[in-house]
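Below: one structure, written as structure tokens.
The sequence lines fix the lettering, A, B, ..., with proteins before strands; numbering per chain opens at 1.
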Amino acid sequence: MTSGLLDGPFGDAVLTEPAGVPRGRAMLERAEWAARAFARYDLATVDRVVRAAAAAGAAHADEFARRAVEETGFGVAEHKRLKNLACSTGLLEAYAGHDYVSVRVDHESKIVEIPRPAGVVLALTPSTNPVATVYFKILLSLMTRNAVVVCPHPLARSVCADAARVMAEAAVAAGAPDGCVQWVGEPSVPLLNALMTDERTDVVVATGGVQVVRAAYRSGNPAIGVGPGNVPVLVDATADLAAAARRIVDSKSFDNSVLCTNESVLLVEDAVADAFVKALGRAGAHLLTDDERDRVRDLLFPGGVFDTSCVGRDAVTLAGRAGVRVPAGTRVLLAPFDLVVPEEPLAHEKLCPVLGLVRVPTARSGIDAARAVLRISGAGHSAAVHSTDPATILAFGAAVRVLRVSVNTGASLGGSGLETNLAPTMTIGTGFFGRSSVGENLEPRHLVNHTRLAWNADPAVTMPDVTAATGSVWAPPTGPVPAYPHASNTSEAADVLRAAGAGVPAVPREPLSAESADLREEVRRMVVAELRRIVEG
Amino acid sequence: MADGTGGTGAGEHLSAAAEDLGFSSKAEVLAKSQKFWNPGKTRFWMGTGVDLVIDRREGYYLYDMSGKRLIDVHLNGGTYNLGHRNPEVVRAVTAAMGHFDIGNHHFPSMARTALAEALVRSAPPGLTKVVYGSGGGEAIDIALKTARHVTKKRKIVSIIKAYHGHTGLAVATGDERFSELFLADRPEEFPHVPFNDLAAMEDALRGRDVAAVIMETIPATYGFPLPEPGYLEAVKALCERYDALYIADEVQTGLMRTGELWGITKHGIDPDILVTGKGISGGMYPIAAVLLSERCAGWLTEDGFGHISTFGGAELGCIAALKALEICDRPETRSMVHYIADAVGSGLRDIQQTYPDWFVGIRQNGVVMGLEFDHPQGATYVMRRLYEGGVWAIFSTLDPRVLQYKPGILLSADQCEELLMRTATAIGRARDDAARDGWRGGSPARRTTGTATAAAAPVPPAASGVSTDADGAYVTTRNGRRVPVRTTVPVRKAVTR
Ligand SMILES: Cc1ncc(COP(=O)(O)O)c(C=O)c1O
């Protein structure tokens, strides 16, 4: 042969694909079948499936919280338990009454909207919020009748596999199609790349580091990627200092700062800075001396790069590793520095309870400093402001390049919608600022499109009342999906057919006469010839 | 679009492979095929309108030399279960060629041992050892030789219209058409009993002089008539009662085609011997295997050189088989087969609703399917229209009413939809063709679910389709003209499976 060894869609590349990739592709293929079936489900069944999966997740919230901390070494089990609950039964409550299934009719505009799921969702989940993100992405997929393949971060693969399995089993037991929730057992970078670029993937929902997210966007498949945060927090002179201090310390120490919405750099108006630092101290923060700050900086950023072994460790442990003595019970280390510039490591994202502290002369200059924080990283992500001055709060929101600002509340749980009325999420859309396709907290509706049936706008044209017909567009499954392949002559096979309401033979067609068959053949030939003339033009 | 007339010579676009082999046209291949290879087969296909010379192949697609594309639902009985040139199998074999060759069949080998272990682990309990052949027929011969050795009896009972291959012993278990041709029929040693007839089976076994009953789990070449519920189980019980071994021929029903890795496990039967072939090769390197129970495996200890086969268990084949087995046994694959079986089954039932008088039965177990038509040559009509419409499925040699319809186990949802659409059209056109040839859909519309009955037995050559009469062989062309086929071999006797 003069051509390459393989002339298939993947060409010779398959010869060098790493082990595990073919199995991953098989998962996507199975997911595609599941998605096809799921896309025809009715609302009642979808509700039942979602409720079952959420309940199963909640039942394991505690166990998986502990296992996640054990497996990754990150975070606080109790806080993870709360997040796991928030992302299972919490989501159920948040979206109770929401409907991503039913056909909607707008008689006024003469438009009918039919929800159409994405199909196969490839969910990349991080090591920092492993189980909560797995739960979150699975439930969003189920609510919207999508199939999902979870690709967990390798550091958390074991607990994530079990988390996905628990929800998958509950969903299928409640009637979901087989294979609608799958997970990759042995995640790796080459496997991830293969799955992201595979044409069977309908949308990549990527949570993780910049590289993973950019790779998702490069994949050629639709992607919703959310990158890292780097959250500036302005505290101006009008703020309720005691409350702000409490909220910030609670938030910064929540799950040892692994939520990407956690506070990164405090920008405090000079006039109240001393009083505020005292208030922070009372709330459990320890102000580092310049020497201590340098040691903590060296610990966190050896050679200027963040050491991931510090991710999600508690404040006392970090202080110990840096050789800094702090009171027992210290929850946050306050690291003062002067200028928000890229060469200052402490101005970068810190997924651990070390909080940068910068004094600013005015609220106006605090806003400028917040913009500087986001020039370093985290554009489009989150910020917070503690103030009672509406003008400052609005000026902050209008100037800072983020798409959510927690006001007088902690940023960790504020930005993620767990303590605000933003959509509760484990996936923060960073929008155009952050080079992402979604600018909101990811929610179920982001995983559905709608087919819009549009009648003529001319007032003389009336749209018939289609409401009655909308009920029969989707249907509940009549048994396990797919049906077990019993041999067609068994009573089990007959039962399956009966349940599906099939098996009534149609009225036999009229016996053919040779003439009518000939005529039909003749007509067919004429049509084909006509078409050919048109095509060949 | 291909016009169905084969190559045109000048201006024809040839593949690199055709050029490498020195051919300048499809017509040249067909001419030389008759001259140097097999005139009967070559002319048979030219005569039926299936003028196929398979060139490129990829996944579930075949391409004729003319460039015409076909969805393959023949798969050579499951040989291409995983698609043609499955990339994973190609990759495994390609990599293995850097290290292995056929190997030395006398010595212990890593590849043979690894495959044997994988097969034993995959198989119904009680099967503990593996013997290799180079093809299904040889593997069947090994099974039959083993049964005779173990029981010290000679008789082998098989099913009328069974097909177990054409090697020395296997051919005697099958249709006389093939055994008599080579004077290889031995009715005293190879009694045949009707399928689904327990009384006949018991009669055959009662004398306790039978070494083994050999059963295809679903008789493929007979058009996949389904065993009546309980039939195989009862045969197994009879074997136990009359001290005969049960040999499960899983050459076409193994490797997930029924939705379980081995079809026989759906019947809860632990056979004494299980034979696999075809798909286990991954479609890339010939190999077949016989799995034996400990009781049957005695000769491997007594005289390990008892069956010698240079190519049996070729190491490259073992590598292909290990990969094929692994792919078939994945949970993803099993799930997909259930989806495919469901989708294709319900799609076919829809088609049947449109033509209930013509398309009278669907025999289905997983993706093993036989489609019954209300005409002695019904499947020939449908095969021809399918071919024209871009689908390759073959009639059942031993019951041409029935079309063998064998979708791959890795078909995508889109491919299934496309296949069904093409199939619906072809079945409708074939009905028109039959009507033009005089078929009137006379028999009352009857729908069956697949159990073979006496009525399902093949009928004499009909007045249409590919057939013979006093003038010799002829085919009925699309517009109903009868065209003689110039061949010295009666065309009805072409071998297909
Ligand atoms: C059920 C069955 N057994 C055995 C064989 C023989 O296999 P082979 O052609 O590889 O010798 C076949 C081939 O069609 C078969 O269908």
Using 30° and 60° as the class boundaries, would you call the ring planes of B:His338 and A:Tyr484 parallel, tilted or perpendicular? perpendicular
I need the residue from B:Cys416, B:Ala341, B:Ser412 with the largest number of non-hydrogen atom pairs under 4.5 Å to chain A. B:Ser412
Taking A:Asn489 for the side chain and B:Pro227 for the main chain, is one N or O donor matched with an acceptor at less than 3.5 Å? yes
Determine the minimum heavy-atom distance between A:Pro177 and B:Tyr339, stating which atoms define it. CB-OH, 3.2 Å
Segment of A:Val481 engaging chain B (4.5 angstrom heavy-atom cut-off): both
Non-hydrogen side-chain atoms of B:Glu332 and A:Glu29 separated by less than 4.5 Å: no
Does B:Lys266 use its side chain to pair, donor to acceptor, with the backbone of A:Pro485 at less than 3.5 Å? yes
What part of A:Ala37 lies closer than 4.5 angstrom to a heavy atom of chain B: side chain, backbone, both or neither? side chain
Name the region of B:Ala343, side chain, backbone, both or neither, that has any atom closer than 4.5 Å to a heavy atom of chain A. side chain
Whether B:Glu326 and A:Arg23 form a salt bridge (side-chain N of Lys/Arg under 4.0 Å from carboxylate O of Asp/Glu) is what I want to check. no
Decide, yes or no, whether a salt bridge links B:Arg334 with A:Asp178 under the criterion of side-chain N to carboxylate O below 4.0 Å. no
Mind listing the closest non-hydrogen atom pair of B:Arg330 and A:Ala26 along with its distance? NH1-CB, 4.4 Å
Minimum side-chain heavy-atom gap A:His486-B:Asn365 below 4.5 Å: no
Interface moiety of B:Ala413 toward chain A, non-hydrogen atoms closer than 4.5 Å: both
With chain B as the partner, which of A:Ala34, A:Ser491, A:Ala31 has the greatest number of non-hydrogen pairs under 4.5 Å? A:Ala34
B:Asp414/A:Arg36 under salt bridge (Lys or Arg N to Asp or Glu O under 4.0 Å): CA gap, chis, key distance, verdict: CA-CA 10 Å; B:Asp414 274 342; A:Arg36 295 247 172 159; 2.6 Å; yes
Looking at B:Ile340, B:Ile327, B:Ile218, B:Asp350, which one has more heavy-atom pairs under 4.5 Å with chain A than the rest? B:Ile340
Residues A:Ser488 and B:Ile362: closest non-hydrogen pair is OG-O, 3.3 Å
Side chain / backbone / both / neither for B:Glu260 at chain A, heavy atoms under 4.5 Å: side chain
Interface moiety of B:Thr333 toward chain A, non-hydrogen atoms closer than 4.5 Å: neither
